[in-house]
Amino acid sequence: MLIFDFDGVLINSLDEVTLTAYNTATGKRVTSLADLPTALVGLFKQNRFHVQPIGDAILLMNWCLNNYRNKSEQILNPHEYEALISDATISITDRTLRVYETRRQFIANDPECWLALHRPYQPLWDELIQRKKYVFAILTNKNRDATLRLCQHFGLGIHAVDVYSGDHGTGKVENMRQIQKRFTDQQYGFIDDSVKNLRELENSLNAENKMIRLLFASWGYTGPRDEKIAQEYGYPVLNQKDLIGLLDKDRPRQKDTEH
């Protein structure tokens, strides 16, 4: 059974995250990247790979707002980024809830504009649509409502129960434990574009027994050295064609209809 991260693996939401982070950090309600300084957008996007829980995007955006005029090409190294988020005075749970609320207001006020800021990653997205009996789950730091809205809009059929989300500050380790309790007869592969997320799962769940095959998505929000780092940790680095090949090898099962 394959489990998919959402942002950066199934959906390119980089434009939306940039706008939502900006609006959360500033209290504004901008709906187009064209209304933001180009250098600010570029600086945030090229450092987006650092962000793990989405609440930290506020801290990154604040740094970008202070530095885009004279450091528009800078990519923070891991130590610089860790120092940045360690200075936070608001808890990660509260920051994450602020991002979710800003996104909720965006959707409520202009749903079509919000949807237009996203693009499915192809050909992977269409391959999942075509495999109607293939059992999979989504494990994401995104809120469930936004995830389901995007799946429905772009034609991917998935039940809410199969989306393990970041609502209420729930992290990927806790959600993965819930997946394991539910699908007790399965072997798992998890694909994510964040080495940090993979390491967290490795250290929390695979320390003694290799329960989950951890896979790195090379097409997502990746940093300049992430593929090499993933390989050094022993995580297979896959492109979309590679992942579709795993779908072909995985034994399809009838989706559970009892929710």
Side-chain angles (χ1 to χ4, degrees), residues 1-14 17 45-57 60 75-82 84-86 92 96 121 124-125 128 136-143 147 162-167 169-183 186-247 249-250:
M1 175 181 174
L2 282 174
I3 304 163
F4 298 85
D5 178 40
F6 195 64
D7 292 331
V9 172
L10 294 179
I11 284 281
N12 184 345
S13 62
L14 192 51
V17 170
K45 284 186 173 184
Q46 66 192 17
N47 283 281
R48 163 66 178 87
F49 71 95
H50 283 297
V51 177
Q52 196 172 5
I54 195 60
D56 287 343
L60 177 60
I75 297 179
L76 293 166
N77 66 45
H79 297 296
E80 291 171 329
Y81 180 75
E82 291 301 323
L84 176 68
I85 63 175
S86 69
I92 182 57
T96 298
Y121 283 108
L124 176 59
W125 186 269
L128 284 174
F136 69 97
I138 291 174
L139 175 59
T140 178
N141 285 327
K142 203 180 196 73
N143 49 314
T147 303
D162 295 323
V163 176
Y164 294 79
S165 64
D167 294 84
T170 306
K172 288 190 172 180
V173 171
E174 183 179 346
N175 273 327
M176 184 63 81
R177 290 194 174 106
Q178 293 303 313
I179 292 172
Q180 291 175 320
K181 287 180 181 178
R182 180 181 169 199
F183 297 99
Q186 293 287 303
Q187 293 182 327
Y188 310 97
F190 175 60
I191 180 87
D192 200 320
D193 63 322
S194 168
V195 177
K196 287 190 289 186
N197 284 335
L198 296 176
R199 289 301 296 160
E200 187 177 77
L201 289 165
E202 175 87 28
N203 293 331
S204 298
L205 302 177
N206 274 9
E208 296 181 1
N209 299 312
K210 299 294 182 182
M211 302 173 65
I212 307 165
R213 189 183 185 204
L214 300 171
L215 311 167
F216 181 74
S218 62
W219 62 90
Y221 313 147
T222 60
R225 296 188 65 253
D226 280 357
E227 287 193 25
K228 183 177 180 181
I229 294 171
Q231 290 171 337
E232 288 173 351
Y233 282 125
Y235 307 140
V237 175
L238 307 183
N239 57 34
Q240 290 187 57
K241 183 178 179 181
D242 297 329
L243 189 57
I244 291 168
L246 291 183
L247 293 176
K249 293 177 182 178
D250 207 5

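Annotation: side chain to side chain donor-acceptor pair (under 3.5 Å) contacts of Y188 (sequence neighbours excluded): none. Checked against side chain to side chain donor-acceptor pair (under 3.5 Å), N143 has the following partners two or more places apart in sequence or in another chain: R103. With sequence neighbours left out, the ring-ring contact (aromatic ring centres under 6.0 Å, His included) criterion links F6 to no other residue. Residues that satisfy the side chain to side chain contact (heavy atoms under 4.5 Å, CB included) test with K228, not counting sequence neighbours, are R225, E232. Residues satisfying the side chain to side chain donor-acceptor pair (under 3.5 Å) criterion with S13, sequence neighbours excluded, are D7, Y221. Annotation: side chain to side chain contact (heavy atoms under 4.5 Å, CB included) contacts of N175 (sequence neighbours excluded): L139, Y164, T170. Judged as a side chain to side chain contact (heavy atoms under 4.5 Å, CB included), and not counting sequence neighbours, the contacts of N197 are Q52, N141, K172, D192, S194. With sequence neighbours excluded, no residue satisfies salt bridge (Lys or Arg N to Asp or Glu O under 4.0 Å) with K196. For F49, the side chain to side chain contact (heavy atoms under 4.5 Å, CB included) criterion is met by I75, P224, D226, not counting sequence neighbours. Partners of D56 under the side chain to side chain donor-acceptor pair (under 3.5 Å) rule, at least two apart in sequence or in another chain, are R95.
Annotation: the span from F136 atom CZ to F183 atom CZ amounts to 10.5 Å, rounded to 0.5 Å. The OH atom of Y235 sits 8.5 Å away from the CG atom of L201 when rounded to the nearest 0.5 Å. Within the model, atoms CD1 of I3 and CE of M176 stand 4.0 Å from one another, a figure rounded to the nearest 0.5 Å. Note that CZ of F4 and CD1 of I138 are 8.5 Å apart. Values are rounded to the nearest 0.5 Å. Put simply, NE2 on H50 and CD1 on I85 are 10.0 Å apart, with the number rounded to the nearest 0.5 Å. To the nearest 0.5 angstrom, Q231 atom CD is 10.5 Å from I229 atom CD1.
Taking every heavy atom of both residues into account, I11 and W125 meet most closely at CG1-CZ3, 3.7 Å. Across all non-hydrogen atoms, the minimal contact from Q240 to L124 is OE1-N, 3.0 Å.
We find that R182 and D162 are joined by a salt bridge, their nearest charged nitrogen and carboxylate oxygen being less than 4.0 Å apart.
Between L10 and D5, the closest side-chain pair of non-hydrogen atoms is not below 4.5 Å. Within the 4.5 Å cutoff, the side chain of V195 has heavy atoms near those of the Y233 side chain.
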- Candidate pair T222 and E227, rule side-chain contact (heavy atoms from CB on, under 4.5 Å), full reasoning: CA-CA 8 Å; T222 60; E227 287 193 25; 5.6 Å; no
- E202 and R199: side-chain contact (heavy atoms from CB on, under 4.5 Å), yes or no, with the steps? CA-CA 5 Å; E202 175 87 28; R199 289 301 296 160; 3.7 Å; yes
- Task: Starting from the C-alpha separation in whole Å, work towards a yes-or-no answer on side-chain contact (heavy atoms from CB on, under 4.5 Å) for V17 and I54.
- Result: CA-CA 9 Å; V17 170; I54 195 60; 4.0 Å; yes
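Formation of a donor-acceptor pair under 3.5 Å by the E174 side chain with backbone atoms of G171 is not found in this model.
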Under 3.5 Å donor-acceptor pairs involving side-chain atoms of residues 212-219, not counting sequence neighbours:
{"residue": "S218", "atom": "OG", "partner": "L238", "partner atom": "O", "Å": "2.8"}
{"residue": "W219", "atom": "NE1", "partner": "V9", "partner atom": "O", "Å": "3.0"}

